[in-house]
A.B. asks: 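What follows is a structure written as structure tokens; I'll ask about it next.
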Number of protein chains: 2
Amino acid sequence: MSLTNATPLEVAKAARVGSRRLAVLSTDKRNAALTSIHKALADGKDEVLAANKQDLVDANKVAAGGTLSQSLVKRLDLGKPGKYEDMLQGILDVRDLEDPINKTTAKTLLDDTLVLSRVTCPIGVLLIIFEARPEVIANISALAIKSGNAAILKGGRESSHSFAAIASIISQALSTTAVPSDCLQLVQTRDVIADLLKLDTYIDLCIPRGGNELVRYVKNTASIPVLGHADGICTTYLSGDYPADKATKILIDAKVSYPAGCNALEQLLVHISALSTTLPVVAEALLQKGVSLRCDPASLAALSEELPAHSAALLQPASSEDYTTEFLDLVLAVKTVSSLDEAITHINAHSSHHTDAILTLDEATAKSFLAGVDSASVYWNTSTRMADGQRYGFGTEVGISTNKIHSRGPVGLEGLTIYKWVLVGDAQVSAEYGAGGKRWRHERMVVGDDEGVARSEEEREVLRRFRAGKGV
Amino acid sequence: MSLTNATPLEVAKAARVGSRRLAVLSTDKRNAALTSIHKALADGKDEVLAANKQDLVDANKVAAGGTLSQSLVKRLDLGKPGKYEDMLQGILDVRDLEDPINKTTAKTLLDDTLVLSRVTCPIGVLLIIFEARPEVIANISALAIKSGNAAILKGGRESSHSFAAIASIISQALSTTAVPSDCLQLVQTRDVIADLLKLDTYIDLCIPRGGNELVRYVKNTASIPVLGHADGICTTYLSGDYPADKATKILIDAKVSYPAGCNALEQLLVHISALSTTLPVVAEALLQKGVSLRCDPASLAALSEELPAHSAALLQPASSEDYTTEFLDLVLAVKTVSSLDEAITHINAHSSHHTDAILTLDEATAKSFLAGVDSASVYWNTSTRMADGQRYGFGTEVGISTNKIHSRGPVGLEGLTIYKWVLVGDAQVSAEYGAGGKRWRHERMVVGDDEGVARSEEEREVLRRFRAGKGV
């Protein structure tokens with residue numbers, strides 16, 4: 001990793017050149033680089049924590065001045081028990097994931113001795129902009145190297161000493177490996193970001209990890225594609241038939257377990273038939289947890305009648321903005337709907353297309369909801385907080401995407417890859433085919449075990465029998 | 001299809017609303033709409049050709065004034081024998097392709113009764129900008145409906161009468177089907193494009209089909225993602241061991257069979273060992289076809305010595321711009337390289353990452369090239385002109401992408417889809433898992449036959465045996 005003061009153009013060009021060397025390294029060589037980084041960061045723990053202490057001292061001064069929140073200061077602290085070890089373990093976890101590149105994902109026989117394969121490969125050069133948490137740099141570096149991508153990293157100012165210490169250690173570690181050190185570059189000043197976002201000749205994808213303001217700035221400035229989400233306005237639709245105990249369990253998890261998360265619940269749609277049955281039970285539990293409810297007239301009337309003991313502070317009328325707001329706090333907008341269609345239409349118009357759920361016992365209703373809602377993740381009878389790469393089984397995630405192209409929802413290693421078309425022939429040419437000429441065969445082929453596709457032993461056995469049967 | 005004079009915002013909003021209705025239509029209903037469009041356009045042939053004649057009259061007037069080329073005028077003519085029928089057949093071909101949406105492409109058991117599926121779905125609303133050829137509107141409309149996407153279409157001015165006639169017929173045909181007519185809207189004036197390109201809340205993807213200038217304008221203006229290619233600068237690397245007859249066959253096809261195509265060859269890299277052996281044979285054949293060669297000093301010296309009969313008009317020294325130019329004509333840049341690495345480095349720096357080929361008998365050399373070259377399509381011993389959706393077996397293509405995300409190379413129906421994550425549970429919540437709680441199972445599941453995945457009878461049989469063996 002270079003800790004660079006080069007110009008944005010120099011940074012991007014060097015990353016591009018490095019990326020091509022990294023892209024052709026074997027799985028073993030990329031994994032060995034991660035092993036080296038892990039060891040170097042384990043050995044350098046004291047050094048990193050000393051730098052981190054400096055960041056904390058600076059941050060506490062700023063916090064005392066009132067321009068930085070205490071919760072942000074806490075997130076900077078790498079010295080909390082277990083945090084550094086978690087960061088180290090994360091590198092090994094990524095190393096031990098299946099290699100996402102050089103997999104053949106489709107294969108077609110175009111003609112005799114003319115075979116077309118679709119093979120996964122790295123995207124190229126990533127620009128990753130993230131906020132303060134210093135351990136993110138290690139996680140992102142591991143994901144980039146594992147997926148064969150070069151990365152230009154810009155971290156939050158508040159962690160600059162920690163970042164510099166980690167970057168210097170990673171840089172030294174990489175110099176002993178096959179990964180060119182230009183493949184990971186940390187830029188230190190914020191003023192280079194605008195320039196980098198325009199370098200679409202050298203940088204292939206930008207992933208901003210941070211708040212709404214950062215993401216919007218990046219989306220509006222970049223001429224390179226951006227993967228991420230600006231908002232997480234997640235909704236759950238409670239139908240009339242769903243048991244109150246399960247609804248309560250799900251909605252408490254969705255709203256209360258981590259209100260600052262992008263997958264936290266921000267809106268509850270209630271079918272009119274649940275207003276005086278399930279809703280009061282759910283609302284009572286939410287109110288007990290300190291959640292304030294911003295209600296439309298129908299739900300406010302029902303709750304005021306059923307739960308007269310609660311103060312107006314927690315039971316409030318909703319404004320129209322409440323249905324387009326990411327509260328990131330113990331606040332929930334509640335709205336009554338009279339049909340499934342109304343719920344779907346409201347969600348498609350108001351949610352941020354991140355994660356939306358339905359609670360119902362009726363399969364047909366659920367299926368209509370899952371098909372009709374245009375969001376990255378759509379759930380039936382579970383909590384929106386499930387939207388997370390680790391929970392989805394990706395091992396780790398680089399972020400959550402509300403994009404409609406490339407990668408949607410939690411983005412793991414696979415989201416950092418693309419493919420190339422590899423065509424191997426024996427001097428066949430295009431003009432030989434078509435009207436009056438040779439005919440295309442266009443036969444789907446079975447991908448071989450040696451072509452990078454992960455299969456279980458059982459699947460391999462089935463494939464062997466299949467091929468034996470076909471005489472392949 | 002609406003032939004609209006609405007504002008860009010109204011157009012985009014209506015398309016978005018329509019897209020959600022289209023997205024949940026069954027395969028049969030989408031196919032039935034294509035059948036209706038086909039019949040209506042067959043019945044309306046005289047009407048369309050009359051409108052097309054008007055376009056031709058107008059275009060010939062402009063051509064007489066010198067501001068429109070005769071070759072462009074020819075491309076406008078829908079009355080050429082077979083052209084209208086090809087357009088009609090194209091609609092049925094798209095209808096009969098496999099449905100690309102509602103396919104489960106991955107399935108994971110997160111925990112008992114908690115199943116995560118990745119299901120393909122339409123992207124949403126497409127903005128497709130294309131140049132003059134009037135038959136494209138029928139092809140694009142068919143691709144959009146088949147893939148469940150709404151589309152806003154803007155065609156070239158020169159075909160405006162033809163477009164209007166076709167749009168009106170498609171609109172009437174759709175009104176008898178389940179596809180909302182707002183799902184296909186033709187905008188007529190160029191001045192709305194700039195506004196549409198900013199409406200990223202309602203439009204998900206822009207596909208410009210046309211020349212370099214159009215694509216660059218779109219990429220620079222749009223805040224919505226753009227899929228396409230500005231240039232097709234394709235290169236072939238001729239190594240020293242490849243037979244001259246096969247090399248000649250391939251290179252003539254690549255350069256001469258359709259020089260105006262984006263997959264036509266623009267650069268030939270020659271290994272130094274082939275300068276006085278294979279290159280003269282290949283060059284002689286190219287020169288005979290009228291190709292002028294722009295050569296670096298080494299290749300120019302070799303060819304001047306070996307082929308003294310040829311005039312300086314066809315054998316010229318290359319300028320450095322010749323290695324970054326898309327000639328779209330019978331011109332070829334030639335450059336000598338002394339190693340495979342030099343060839344790969346030149347291609348990665350100078351090609352447009354569209355399609356690049358190597359000609360060699362050596363497998364290790366070929367594999368290094370295929371891995372090292374960072375292009376959408378990489379070929380071994382065949383012609384760059386193979387880069388085409390129909391040739392790849394996609395049935396048809398919406399364009400060719402040099403993007404590094406989402407879809408790369410020829411883009412068929414699959415490139416017009418994305419996926420959503422569908423999670424079905426029974427009131428499991430996130431806080432139950434992790435430290436001290438329940439453990440994730442994260443078991444890969446076999447996708448069922450009823451989940452939209454296309455399988456051959458043989459594959460189904462294998463799957464049945466596999467499941468029987470597992471007791472599933």
Side-chain angles (χ1 to χ4, degrees), chain A residues 20 23-24 108 110 114 116 123-124 204-205 219-220 223 225 246 249-250 253 257 348 370-372 374-383 385-386 388 391-393 403-406 408-409 418-431 433 440 442 444 458-459 462 465-466 470, chain B residues 20 23-24 108 110 114 116 123-124 204-205 219-220 223 225 246 249-250 253 257 348 370-372 374-383 385-386 388 391-393 403-406 408-409 418-431 433 440 442 456 458 462 465-466 469-470:
Chain A
R20 293 313 309 157
V24 298
T108 310
L110 300 192
L114 186 64
L116 179 70
I123 290 174
D204 299 297
L205 183 65
K219 289 203 170 190
N220 290 334
S223 63
K246 288 186 174 181
K249 180 184 174 198
I250 291 170
D253 185 84
S257 63
N348 285 340
L370 298 173
D374 182 26
S375 295
S377 293
V378 286
Y379 292 175
W380 179 16
N381 294 347
T382 185
S383 159
R385 292 266 301 123
M386 291 290 191
D388 171 276
R391 290 169 190 157
Y392 277 22
N403 289 35
K404 296 291 286 290
I405 63 164
H406 191 68
R408 210 175 180 200
I418 181 71
Y419 52 79
K420 54 166 72 167
W421 295 98
V422 178
L423 180 60
V424 176
D426 180 14
Q428 295 93 336
V429 296
S430 67
Y433 299 85
W440 297 104
H442 289 156
R444 213 159 79 196
E458 268 168 316
E459 286 170 304
V462 169
R465 275 187 255 157
F466 177 65
K470 282 189 75 176
Chain B
R20 292 313 308 158
V24 298
T108 310
L110 300 191
L114 186 63
L116 179 69
I123 290 174
D204 299 298
L205 183 65
K219 288 204 172 191
N220 290 334
S223 64
K246 289 186 174 182
K249 181 186 173 197
I250 291 169
D253 186 84
S257 64
N348 285 340
L370 298 173
D374 181 26
S375 295
S377 293
V378 287
Y379 292 177
W380 179 16
N381 295 347
T382 186
S383 158
R385 292 266 299 122
M386 291 290 191
D388 170 276
R391 291 171 188 154
Y392 278 21
N403 289 35
K404 297 293 287 289
I405 64 165
H406 191 66
R408 207 177 181 200
I418 182 71
Y419 53 79
K420 55 167 72 167
W421 296 97
V422 177
L423 180 60
V424 176
D426 180 14
Q428 295 92 337
V429 297
S430 67
Y433 299 85
W440 298 102
H442 288 155
S456 66
E458 269 169 315
V462 169
R465 276 187 255 159
F466 177 67
K470 284 190 77 176

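A note on names: the letters A, B, ... follow the listed sequences, proteins ahead of strands, and every chain is numbered from 1.
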A.B. asks: If we ignore hydrogens and angles and just use 3.5 Å, is the side chain of A/Lys420 paired with the main-chain N or O of B/Val378 as donor and acceptor?
C.D. replies: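 Such a contact is absent between A/Lys420 side chain and B/Val378 backbone.
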A.B. asks: Output yes when a side-chain donor or acceptor of A/Trp380 lies under 3.5 Å from a complementary backbone atom of B/Val422, and no otherwise.
C.D. replies: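 No, because the side chain of A/Trp380 does not come within donor-acceptor range (under 3.5 Å) of the backbone of B/Val422.
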A.B. asks: When heavy-atom pairs shorter than 4.5 Å are enumerated against chain A, which of B/Ala23, B/Pro225, B/Ser377, B/Ser383 gives the highest number?
C.D. replies: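 Greatest number of close heavy-atom pairs with chain A: B/Ser377.
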A.B. asks: Can you tell me which of A/Ile418, A/Leu370, A/Thr382 forms the most heavy-atom pairs within a distance under 4.5 Å of chain B?
C.D. replies: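 The answer is A/Ile418.
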A.B. asks: Hey, are the side chains of A/Leu110 and B/Met386 touching, using non-hydrogen atoms and a 4.5 Å cut-off?
C.D. replies: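 No, every pair of side-chain atoms sits at 4.5 Å or beyond.
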A.B. asks: Identify the heavy atoms of B/Arg20 and A/Gly372 that sit nearest to each other, and give their distance.
C.D. replies: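 Heavy atoms of B/Arg20 and A/Gly372 come nearest at NH2-O, 2.9 Å.
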A.B. asks: Just so I know, are the side chains of A/Ile405 and B/Asp204 near enough to count as touching, which here means a heavy-atom distance under 4.5 Å?
C.D. replies: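 No, too far: nothing below the 4.5 Å cut-off.
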A.B. asks: Should B/Asp426 and A/Asn381 count as side-chain neighbours, where that means a heavy-atom distance under 4.5 Å?
C.D. replies: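 Not touching, per the 4.5 Å side-chain cut-off.
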A.B. asks: Tell me, side chain or backbone of A/Asp374 under 4.5 Å from chain B's heavy atoms, or both, or neither?
C.D. replies: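 Both parts, heavy atoms under 4.5 Å.
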A.B. asks: Among A/Ser375, A/Ser257, A/Ala376, who wins on heavy-atom pairs under 4.5 Å with chain B?
C.D. replies: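 Option with the greatest count: A/Ala376.
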A.B. asks: Counting only non-hydrogen atoms closer than 4.5 Å, does B/Tyr433 touch chain A with its backbone (N, CA, C, O), its side chain (CB onward), both, or neither?
C.D. replies: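 For B/Tyr433, the side chain is the part near chain A, not the backbone.
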A.B. asks: Which heavy atom of A/Arg391 sits nearest to which heavy atom of B/Trp440, and what is that distance?
C.D. replies: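 The pair with the smallest heavy-atom distance is CG-CZ2, 3.2 Å.
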A.B. asks: Any idea which of B/Asn348, B/Asn220, B/Thr108 has the most non-hydrogen atom pairs under 4.5 angstrom with chain A?
C.D. replies: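 With the most close heavy-atom pairs to chain A, the winner is B/Asn348.
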A.B. asks: Grab the two heavy atoms, one from B/Val24 and one from A/Ala371, that are nearest each other, plus how far apart they are.
C.D. replies: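 Closest approach of B/Val24 to A/Ala371, heavy atoms only: CG1-O, 3.6 Å.
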A.B. asks: Using non-hydrogen atoms and a 4.5 Å limit, figure out which bit of B/His442 sits close to chain A: side chain, backbone, both or neither.
C.D. replies: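 When you check distances to chain A, only side chain atoms of B/His442 fall under 4.5 Å.
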A.B. asks: Go through the atoms of A/Arg408 and report whether side chain, backbone, both or neither lie under 4.5 Å from a heavy atom of chain B.
C.D. replies: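 Both the backbone and the side chain of A/Arg408 come within 4.5 Å of chain B.
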A.B. asks: Determine whether a donor-acceptor pair (N or O, by modelled atom type, separation under 3.5 Å) exists between the side chain of B/Arg385 and the backbone of A/Val429.
C.D. replies: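 Judged by distance alone, no pair lies under 3.5 Å.
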A.B. asks: May I ask you to test the A/Leu116-B/Tyr392 pair for a side-chain heavy-atom distance under 4.5 Å?
C.D. replies: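 Of all side-chain heavy-atom pairs linking B/Tyr392 with A/Leu116, at least one is under 4.5 Å.
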A.B. asks: Hey, does A/Leu205 have a side-chain heavy atom less than 4.5 Å from the side chain of B/Lys404?
C.D. replies: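 No - every pair of side-chain heavy atoms lies 4.5 Å or more apart.
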